[in-house]
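Numbering starts at 1 and runs along the sequence shown. Just follow the structure's listing: the first ligand is 1, and inside any ligand the first atom is 1. Only heavy atoms go into these numbers, but all of them, side chains included; no hydrogens, no water, no symmetry mates.
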Amino acid sequence: MNGSGSSFAKPGYEPGPPLWLLAELTYRCPLQCPYCSNPLDFARSHEELSTAEWIEVFRQAREMGAAQLGFSGGEPLVRQDLAELIEAARGLGYYTNLITSGIGLTEEKIASFAEAGLDHIQISFQAADEEVNNLLAGSKKAFAHKLEMARAVKKHGYPMVLNFVTHRHNIDNIDQIIRLCIELEADFVELATCQFYGWAELNRAGLLPSKEQLVRAERITNEWRDKLAAQNHPCKLIFVTPDYYEERPKACMNGWGNLFLDITPDGTALPCHSARQLPVEFPNVREHSIEHIWRHSFGFNKFRGYDWMPEPCRSCDEKERDFGGCRCQAFMLTGDAANADPVCSKSAHHGKILAARDQADHGALGLDQLQHRNEKASKLILKV
Ligand code: FES
C-alpha cells in the first residue's frame with residue numbers, strides 16, 4: 001500500500017476520522033437470501049485480501065481514529081483466519097463485532113473468538129418459522145443450527161444482537177419473532193425492514209411489505225416494548241421502517257465519507273456497502289494508504305459537502321440534516337447518483353416510490369418467485 005496519488009480533497013472541508021470500519025472479509029456465503037445486500041456482480045470479485053493485508057488495513061484505519069470494527073461478508077466465518085483477524089483487531093484497540101448468519105459457527109469457534117477478544121456477536125435469522133427461514137436461506141438445516149448457536153453465544157457470555165430482516169413474507173409473524181428473541185435471551189433485537197440494495201432491489205416487488213403490514217408490525221413491537229419495560233426486562237427492540245414509506249430521506253451513512261469506511265473482499269474502499277455499483281472510481285487498499293483514500297481520493301470526496309447538489313437539494317433547508325438522502329438509491333431509481341433520493345416527496349422521481357407502494361398493495365410477487373442470491377445467478381447477471 002502506498003500513499004501516492006492525486007488529491008481530490010475539497011478546499012475548506014476537513015473530514016473527521018473514519019470511526020466505523022466495516023471489513024467485508026468475503027462475498028462467499030453458504031446461504032442464498034434473496035434480500036442480500038451484496039452487489040449483484042459479486043461473482044466478479046475473487047482475489048480476497050490476505051490476512052496480512054487485512055491487518056495492515058486495520059492498523060492504518062486505527063491510526064486515523066477508527067474505533068469500531070465489524071467483520072461482515074458474505075459470511076465472515078468462511079475465512080479460516082477469522083480468529084487471527086479478531087485478535088489483531090483487539091490488539092490494536094478496536095471494539096469488535098462479528099456479523100454472521102451463524103452458519104459455520106461452532107462452540108469451539110465461539111470459544112476461540114472469545115479468547116481472541118471478540119466483543120460482540122450479531123446473528124441473523126430469516127424468520128421465526130423453520131420452514132420459511134430455511135426456504136429463504138436456501139438451506140434445510142439453517143434454522144436449527146442458528147437456534148443452537150444463539151444459545152451457545154449466550155452460554156459464552158457474549159452480548160448478543162439477533163437481526164431479523166423483515167419483509168412481506170415474514171413481517172406478519174412479528175409477535176412470534178419477538179417471542180423467539182426473548183426465549184433466546186437476545187440483548188438487542190433488530191427488526192429491520194428490508195432496505196432495497198443489491199439482491200433485495202432485484203426482488204423488491206416480492207419483498208416490500210404493504211403499509212398495512214408495516215403499521216401492524218410497528219404497533220405490535222411497541223406493545224412488546226411497553227410490556228418489556230414494565231418488567232424491567234433487559235431485551236431492547238429496535239424497529240427499522242423501510243425508506244419506501246417515508247416522505248423525507250434518511251441521512252445515509254450519516255453523510256458521504258463522514259464516518260463510515262467499508263472495505264470489500266478485494267480491497268476496494270467504499271463510503272457505503274452499495275457504492276460499488278455507482279459510475280464512480282473508488283480506490284483500493286492495495287494501491288493507496290487509508291489516509292490517502294479517506295482524505296484525498298476522488299470517490300470519497302465526490303459527494304462531500306453541498307456544492308455537488310442539484311435542485312431541489314441545493315436550496316433545501318433540510319440538506320444539512322439528510323444530505324439529500326442515499327446516493328445509491330438515487331442512482332438505482334433515477335440513473336444519477338447526484339439527484340435527490342426519490343424517497344423525498346420534493347424529488348421529481350418520487351412517483352417511483354409511490355408506484356412501489358402501490359405494487360406492494362396490489363401486485364406483489366410470491367415467496368416462490370424470489371431470485372435467490374447465488375454464484376450461478378450472479379454470473380448470469382454479469383452476462384446480461
Ligand atoms: Fe450508498 Fe446510501 S447505501 S449512499
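Ring centroid separation for the pair Tyr35 and His167 comes in under the 6.0 Å cut-off.
A cation-pi arrangement is present between Arg62 and Tyr94 under the rule of less than 6.0 angstrom and at most 45 degrees off the ring axis.
Of the options Asp341, Asp322, Asp243, a salt bridge (charged side-chain N to carboxylate O under 4.0 Å, His left out) to Lys250 is made by Asp243 and by none of the others.
Side-chain contact check for Gln68 and Asn97: no donor-acceptor pair (N or O, by modelled atom type) lies under 3.5 Å.
For atom 1 (Fe) of ligand 1, the nearby protein N/O/S atoms, meaning those under 2.8 Å, are Cys272 SG, Cys328 SG.
A salt bridge between Asp175 and Arg179 is present, with a side-chain N of the basic residue lying under 4.0 Å from a carboxylate O of the acidic one. A salt bridge links Glu183 with Arg151: at least one charged nitrogen is closer than 4.0 Å to a carboxylate oxygen.
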